[in-house]
Amino acid sequence: MITTTDLTKVYRTRDREITALDGVNLHVREGEVFGVVGQSGAGKSSLIRCVNLLERPTSGTVTVDGQDLTALAGRGRRAGAELRQARSRIGMVFQHFNLLSSRTVQGNVELPLEILGLSGKERSRKALELLDLVGLADKAKVHPGQLSGGQKQRVGIARALAGDPKVLLSDEATSALDPETTRSVLQLLRDLNRQLGLTVLLITHEMDVVKAVCDSAALMRDGGVVESGTVSELLATPGSELARELFPVGGEVADDSRTVVDVTFHGETATEPVISQLSRTYNVDISILGAAMDTVGGKQVGRMRIELPGRYDDNVVPIGFLREQGLTVDVVGRSEDRGSRPAELVKEVAK
Ligand SMILES: Nc1ncnc2c1ncn2[C@@H]1O[C@H](COP(=O)(O)OP(=O)(O)OP(=O)(O)O)[C@@H](O)[C@H]1O
Ligand SMILES: [Mg+2]
């Protein structure tokens with residue numbers, strides 16, 4: 001549904017150039033909620049602004065719903081009209097809502113409909129329908145100043161849906177909201193995704209948001225995508241940073257006389273009593289150092305940090321057993337900085 005190919009964005013200021021996007025290849029499937037995470041300055045907003053051509057990419061292509069938007073940008077009047085048309089099918093939700101305080105709630109939702117050239121009657125009908133969809137039918141006549149943050153964002157979402165978009169882009173739509181309101185706005189996005197078959201690309205810096213609503217996620221760093229995939233693919237990837245942040249496990253690594261492994265359960269394996277089987281089969285005592293279990297997309301997933309007696313060499317067979325059960329296993333190596341960085345994981349080449 002959304003594909004970027006070698007997308008770059010270089011900002012040129014008077015005295016320097018800033019490469020905000022450095023060859024981004026991203027693929028968002030139709031009907032999924034896709035989360036982009038990354039530290040401040042990683043290029044997340046630049047990416048989303050390039051996807052709807054609010055910002056003109058320096059090079060590379062952006063395809064949305066089969067249409068190459070970059071090819072349409074700046075190619076004469078007809079292409080310009082096509083680009084406007086295509087962009088009206090991409091909704092955008094902003095962190096600070098960007099509502100006009102002088103207009104009523106309904107007036108705000110009607111704004112894009114005016115631009116699309118709908119008659120007054122049609123605009124009013126459509127706006128009320130959208131406000132109903134976001135649960136604000138009774139607030140049509142009030143001004144944004146009289147609304148709570150969560151309600152304002154619902155108006156922002158209704159407005160973004162005015163052009164019947166197939167794609168909704170959201171840049172930190174919930175980061176100005178409290179946790180409770182965040183949950184309800186996320187639930188709304190998820191419902192719209194399901195009800196309308198809307199593809200959602202959202203940016204967030206909160207892993208909880210990814211956990212709550214995303215089917216897939218990408219991690220950005222220094223203008224590039226360093227990891228991406230469905231949440232279950234990420235959980236099944238040894239050494240995945242996103243997986244570790246989604247499911248952090250505590251637990252100190254003592255010394256190399258013991259072997260510490262992080263085991264990720266996903267899908268069917270989560271309910272199987274694999275650890276006790278391991279213990280019985282190999283007659284080893286297993287200590288659980290830390291664990292995190294959760295439900296993602298209706299499936300139970302989790303990570304567990306366990307300790308086996310003896311060095312790694314003594315535990316090759318039990319570790320192989322865990323892998324055979326379909327679990328993702330990371331062997332945690334010895335390091336000065338214990339327990340959190342991917343570099344310390346003994347990454348083994350998948351067979
Ligand atoms: N209009 C601009 N002109 C110049 N530099 C810019 C512009 N917009 C962004 N940048 C720079 O590009 C880089 C990426 O910025 P971007 O806003 O995409 O990051 P981000 O991941 O959204 O960060 P945050 O989490 O803080 O919102 C940063 O170094 C930023 O300073
Ligand atoms: Mg940003």
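Worth knowing before you read on, the calculation uses all heavy atoms, side chains too, and leaves out hydrogens, waters and symmetry mates. Since the structure is predicted, the reported quantities are computational estimates derived from the model, not experimental observations. Start at 1 and go down the list; that is how both ligands and their atoms are numbered.
Taking atom 6 (C) of ligand 1 as the reference point, the nearest protein heavy-atom neighbour is Y11 CD1, 3.3 Å. The closest protein non-hydrogen atom to atom 29 (O) of ligand 1 is I18 CG2, 3.8 Å.
The nearest protein heavy atom to atom 31 (O) of ligand 1 is not closer than 4.0 Å.
Listed by number with element, the atoms of ligand 1 under 4.0 angstrom from any heavy atom of Q39 are 21 (O). Close approach of ligand 1 to A20 (heavy-atom distance below 4.0 Å) involves ligand atoms 12 (O), 13 (C), 14 (C).
The nearest N, O or S atom of S45 is closer to the Mg ion (ligand 2) than 2.8 Å.
Going from atom OG of S101 over to atom CD of Q146 covers 11.5 Å, rounded to the nearest 0.5 Å. T328 OG1 to L234 CG: the interatomic distance, rounded to the nearest 0.5 Å, is 10.5 Å.
Side-chain contact of S46 with Y11: a donor-acceptor pair under 3.5 Å is present, judged by distance alone. Side-chain atoms of H205 and Q39 form no donor-acceptor pair, as typed in the model, at a separation below 3.5 Å.
In this structure, of G41, S40, S45, the residue bringing a heavy atom nearest to atom 14 (C) of ligand 1 is G41. Checking M220, E17, K44 against atom 25 (O) of ligand 1, the nearest heavy atom belongs to K44. Of the candidates C50, G223, S46, the one placing a heavy atom closest to atom 15 (O) of ligand 1 is S46.
Between R221 and D22 there is no salt bridge, since no side-chain N of the basic residue sits under 4.0 Å from a carboxylate O of the acidic one.
By the 4.0 Å heavy-atom criterion, G38 is excluded from the residues contacting ligand 1.
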Test E180 against R183 for salt bridge (charged side-chain N to carboxylate O under 4.0 Å, His left out), laying out the working first.
CA-CA 5 Å; E180 187 68 33; R183 262 195 295 282; 3.2 Å; yes

Distance-only donor-acceptor hits, side chain of residues 29-38, under 3.5 Å, sequence neighbours excluded:
residue: E32; atom: OE1; partner: S216; partner atom: OG; Å: 2.7
residue: E32; atom: OE2; partner: R29; partner atom: N; Å: 2.8

